[in-house]
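Numbers restart at 1 for each chain; the letters A, B, ... are given by sequence-line order, proteins then strands. Computed over heavy atoms, backbone and side chain alike; hydrogens, waters and symmetry mates excluded. These numbers were taken from a predicted model, which means no experiment stands behind them.
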2 protein chains.
Amino acid sequence: MKKVKRTTIYDIAAKLGITASSVSRALNNSSQVNEKTRELIIKTADELNYKRNTLASNLRKGHSKTIGVVVPRINQNFFSNVIAGIEETTYQKGYNLIICQSGEVHDKEIQCVNTLINQHVDCIVISVSADSYDYQHLQNVLDHGIQLIQFDRVAEELETLKVINDNEQASFEAVSHLIENGYKRIALLEGPQNLNIFRQRKNGYLRALETHKVKVIDELVVENAWTKELGAEATRKLLNLPHPPDAIFASTSDFSALGVLEVANIMNIKVPSELGICGYSNEAFTEITSPSITTIDQFSVYMGKTIGNLFFQEIASIEVSVKPKIISIKPELIIRGSTAKKG
Amino acid sequence: MKKVKRTTIYDIAAKLGITASSVSRALNNSSQVNEKTRELIIKTADELNYKRNTLASNLRKGHSKTIGVVVPRINQNFFSNVIAGIEETTYQKGYNLIICQSGEVHDKEIQCVNTLINQHVDCIVISVSADSYDYQHLQNVLDHGIQLIQFDRVAEELETLKVINDNEQASFEAVSHLIENGYKRIALLEGPQNLNIFRQRKNGYLRALETHKVKVIDELVVENAWTKELGAEATRKLLNLPHPPDAIFASTSDFSALGVLEVANIMNIKVPSELGICGYSNEAFTEITSPSITTIDQFSVYMGKTIGNLFFQEIASIEVSVKPKIISIKPELIIRGSTAKKG
DNA sequence: ATAAAAATTGCAATCGATTGCGTAAAATAT
DNA sequence: ATATTTTACGCAATCGATTGCAATTTTTAT
């Protein structure tokens, strides 16, 4: 690439025989510049193909008009949707997004956060990685006076803004739905319990059983069945039990539920009559499996928009909000073919 | 948020009774600073919780170590995968990504590009939106001395770095596969022809027909069947023709192919025996429909990595590469159940 | 012990835009 | 025509880090 000397406000000023101050003011719609000179300046800026150097501007102004986002994986449906939502609301207010992925690795997450602090972003939006064990780096964000918004997977002990799903309630409704449809032995595929979202989903499961006076059976609760493969593996074990379950709630993801469905097909176990299946996330494919999979929609794009709006609302309020604000979005149970049994 | 005065190199210098120059040098691993003072400086920086102000640093250095990415939609599988790939290769070299989505709207695309120029990004990576009609804004990027890498959907007339898929060849292979499997009347669902990728896919289709001496039937070529709904609509029309097709190549996307499959199911037309279906993109769901859908994998994450590597390769080369470099990735035909007919 | 070379550190300008304060010019009032 | 208020613009400092060059100190060579 050839090095191009980009035109600055000084170039414009020189050409017009005025000061950079005036140019700056004209370009910022300051009222203390004559309308005629403003027009002239804008015209000249245009001719010279001037583009403001945002770095210099931000340095002087003390902020970056930039929001940092840290997610485990950019190319995971839920996260890319949330990001799209954030982008939509923030872009129109002149903010840019810097995106990092932690790859579910704690150390990289720390790195990402530090990079963003270095960038002097105005806000960091984060969903912590699965193996996060402490939150010093997040505290650090706060210490630097940077707004912090946690979403979905949050460190509950940190008093920050949070946008979450009501996982507990969603799980409760899903499992209640299974019970009401006649399923009696409902297994749970659970995720890493260090993540709050998975704890909440388990709690919802337990509460639903309790509410409907269904006994909890320990051997029907399987840890860490996060992926399709792990979901499949767990299902094989469950269905080979002396008393196999008649429904499986894959609280980790729809991928896990897909694994369940495939194993059921292979083992020639009929869904939904012999086995009910419920996933989590409302991935696109859940609609088109046969039978289609009952799941839970998290309104991910909406969640992103909520995050963006929350940020603006927060910087607009002069007063520091004393208590941490938590916005909880209620997910929706999408009932489909995989849970159609009526006992 | 409380305003926090962040510690600068001057604070460190003051505390140690030295100059900011030395602090800067120490923090940048310059060889011209005594090892002892460096240690002292680093220790003090740590105590004071110092974080370099990247804005100031970049302003001085004249670059931003930032790459701007513009895509139609962040939350579209292909794009989020490419972005993930870019992020992976660039992050480890200390580069950050600023992501924008054009929403398939030309004007917003221009806005995005301008914002990125303002940000003084070192490189802009873009896949143009469907309704782009001119490329002045891309020329503008070049004029500002910013590296420009186009991918997937590219403006061919612009001499820039490009990373593309060999859409023509992939389509050729897909359609050849259909012909070899005994399908005789193959319909094409095509995308907006102002996008080169869709033109190429059509060319591949035509070339395959020609190569195998199959006559092109105009009424079997349907414009603009991009989404699932449009794919379904097109299929209804096609299958109600006096001479309906016996295969449909949904060159636009797998979503379109899904629409085809659903309509076929509704109309009780057997796939693959009565109707062959081939999609494009290898979306996750193509594997789990019944029958599973033959499609084309674009190696999207790999494509992203290629883009990142290309950028570094380019800045490493001192000489300006004269001719525009084009990297073409060969997609792979994934043969599945939806095209299993043997005539 | 002295000269020369090398290693450290400081000084001051620079990157480009912004902004408080001061002054000249224009507009209005007396 | 003179005094007063507005308006428009310039001056210079500032944001924080970097870096060429000069000055000083330390090390090595003679």
Would you please name every residue forming a side chain to side chain contact (heavy atoms under 4.5 Å, CB included) with [X], sequence neighbours left out?
X        : answer
B:Ala14  : none
B:Gln111 : A:Tyr91
A:Asn114 : A:Ile110, A:Ile117, A:Asn140, B:Lys51

Would you mind reading off the distance between [X] atom [atom1] and [N] atom [atom2], rounded to a whole angstrom?
X        : N      : atom1 : atom2 : result
A:Leu55  : D:dA17 : CG    : C1'   : 12 Å
B:Asn29  : D:dT19 : CG    : P     : 13 Å
B:Tyr50  : D:dG16 : OH    : C1'   : 7 Å
A:Gln119 : D:dA17 : CD    : C1'   : 14 Å
A:Lys36  : D:dT7  : NZ    : P     : 17 Å
A:Leu16  : D:dA8  : CG    : P     : 16 Å

message: Under the rule for side chain to side chain donor-acceptor pair (under 3.5 Å), what residues qualify as partners of A:Arg38, not counting sequence neighbours?
response: A:Glu35
Any pair with a residue in [range] that passes salt bridge (Lys or Arg N to Asp or Glu O under 4.0 Å), sequence neighbours left out, goes on the list, sorted by first then second residue, please.
range                       : answer
residues 10-27 of chain A   : A:Lys15-A:Glu47
residues 61-86 of chain A   : none
residues 105-125 of chain B : A:Glu87-B:Lys108

When you compare the protein's N or O atoms with those of nucleotides 13-15 of chain C, which come within less than 3.5 Å of each other, and at what distance?
unit_1 : atom_1 : unit_2  : atom_2 : d
C:dT14 : O2     : B:Arg60 : NE     : 3.4
C:dT14 : O2     : B:Arg60 : NH1    : 2.9
C:dC15 : O2     : B:Arg60 : N      : 3.4

query: In this structure, which one of A:Val82, A:Leu116, A:Leu97 forms a side chain to side chain contact (heavy atoms under 4.5 Å, CB included) with A:Val69?
result: A:Leu97
Under 4.0 Å protein heavy-atom contacts per nucleotide of nucleotides 5-10 of chain C, with B for base, S for backbone only and - for none: ---BBB
query: When all nucleic acid strands are considered with a 4.0 Å heavy-atom cut-off, which category describes B:Asn28: base, sugar-phosphate, or nothing?
result: sugar-phosphate
